[in-house]
Amino acid sequence: ATYLRGIDFIQVPTTLLAMVDSSVGGKTGINNRHGKNLIGAFWQPRLVLADTDTLTTLPEGERISALAEIIKYGVIYDGEFFAWIEKNINALRNLETDALIHAIQRSCEIKADVVVKDERESGLRQILNFGHTIGHAIENSTGYGVMRHGEAISIGMVVESALGVDQTPGWTETEHLRLGSLLKAAGLPTRLPKSLTVSLDDLFKAAATDKKNVDGEIRYMLPRRFGLVEAVSLANKDVAPHLVAAGARR
């Protein structure tokens, strides 16, 4: 997007996370000490070529991490897809070809549909950030690379799901537990490991730089039902108990 004011390029993602998320949508981003993806531009690839054979070379932790983003799509856009993931989570963990191809294809379809309607994240595209306000704050607070992206996003989704129980009438404890059960079945964490010390202050400081924020208020994507989430501005005092429940320190 910068060199020669933009050149044609092709994405060839070789991780499951890149196949279902970062290769599609045209975002280019660089992290800095203030937060994740704060420096970047929008520039669409001419083609995305995903070869699932490359996934057999990945460590198991990298494959599991990507499942968080796949599960996210079911929560934010397609409840039927969420139910399909529940039935096929073991097949996905075992890299069974048919299940893998369907999950990648449906994830890309959902992201592409959202991006076409809102390329520059002025509204609808924000739903793709379910779990990311907290997840990015965890990555920033612990140091990039200490936790995998999907692991941090999984914890973020649990926190925002718990907030959804508090804040949105359609999302109940039943839906919250259902999401948590699927994340656990995928092998993803639902709270911070005891080996990491992450303070509330550090998390809120990192969340304050999130690109979704409006007028200094931190915005979270809260589920209303499977297939629908909405952006809600919340005070730190309302979020803090759920972060503590997820392993953050006061």
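Position 1 is the first residue of the sequence; numbering continues from there.
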Salt bridge present between Asp113 and Lys117 (N-O < 4.0 angstrom): yes

Any donor-acceptor N/O pair, Thr190 side chain to Gly180 backbone, under 3.5 Å: no

Spell out, yes or no, whether Val75 and Leu177 are grouped together once hydrophobic residues are joined by side-chain heavy atoms under 4.5 Å, including indirect joins. no

For Ala66, give me all partners under side-chain contact (heavy atoms from CB on, under 4.5 Å), at least two apart in sequence or on another chain. Leu16, Leu17

If the condition is side-chain contact (heavy atoms from CB on, under 4.5 Å), which residues does Ala245 pass it with, not counting sequence neighbours? none

In terms of side-chain heavy atoms, does Ser199 have a donor or acceptor partner in Asp202 at a distance below 3.5 Å? yes

Heavy atoms only: give me the nearest Leu188-Ser154 pair and the separation to one decimal. CB-OG, 3.5 Å

How would you list, by chain and number, every residue that makes a side-chain contact (heavy atoms from CB on, under 4.5 Å) with Asn32, sequence neighbours excluded? His34, Leu38, Ile39

If the condition is salt bridge (charged side-chain N to carboxylate O under 4.0 Å, His left out), which residues does Arg106 pass it with, not counting sequence neighbours? Asp78, Glu109

Which residues pass the side-chain contact (heavy atoms from CB on, under 4.5 Å) test with Glu217, sequence neighbours left out? Ser233

Do any N or O atoms from the side chain of Trp43 and from the backbone of Ile7 form a donor-acceptor pair under 3.5 angstrom? yes

Salt bridge between Glu175 and Arg225, side-chain N to carboxylate O under 4.0 Å? no

hydrophobic_cluster_shared for Ile70 and Val158, side chain cutoff 4.5 Å: yes

Asn129 and His136 side chains, donor-acceptor separation under 3.5 Å: no

Give the intermediate values and the outcome of side chain to side chain contact (heavy atoms under 4.5 Å, CB included) for residues Val239 and Phe204. CA-CA 9 Å; Val239 181; Phe204 286 132; 4.1 Å; yes

Could you report the tightest heavy-atom contact between Leu95 and Leu55, atom names first, then the distance? CD1-O, 3.8 Å

Identify the two heavy atoms, one from Ser65 and one from Arg148, that lie closest to each other, and give their separation to 0.1 Å. OG-CB, 3.6 Å

Check whether any side-chain N or O of Thr14 sits under 3.5 Å from a backbone N or O of Thr54 as a donor-acceptor pair, and report yes or no. no

For Tyr73, what residues pass the side-chain hydrogen bond (donor to acceptor under 3.5 Å, both in side chains) criterion, not counting sequence neighbours? none

For Tyr144, does the six-membered ring have the charged nitrogen or CZ of Arg33 within the cation-pi criterion, i.e. under 6.0 angstrom from the centroid and within 45° of the normal? no

Check against salt bridge (charged side-chain N to carboxylate O under 4.0 Å, His left out), Lys72 and Glu69: CA-CA 5 Å; Lys72 177 195 75 176; Glu69 292 286 356; 2.7 Å; yes

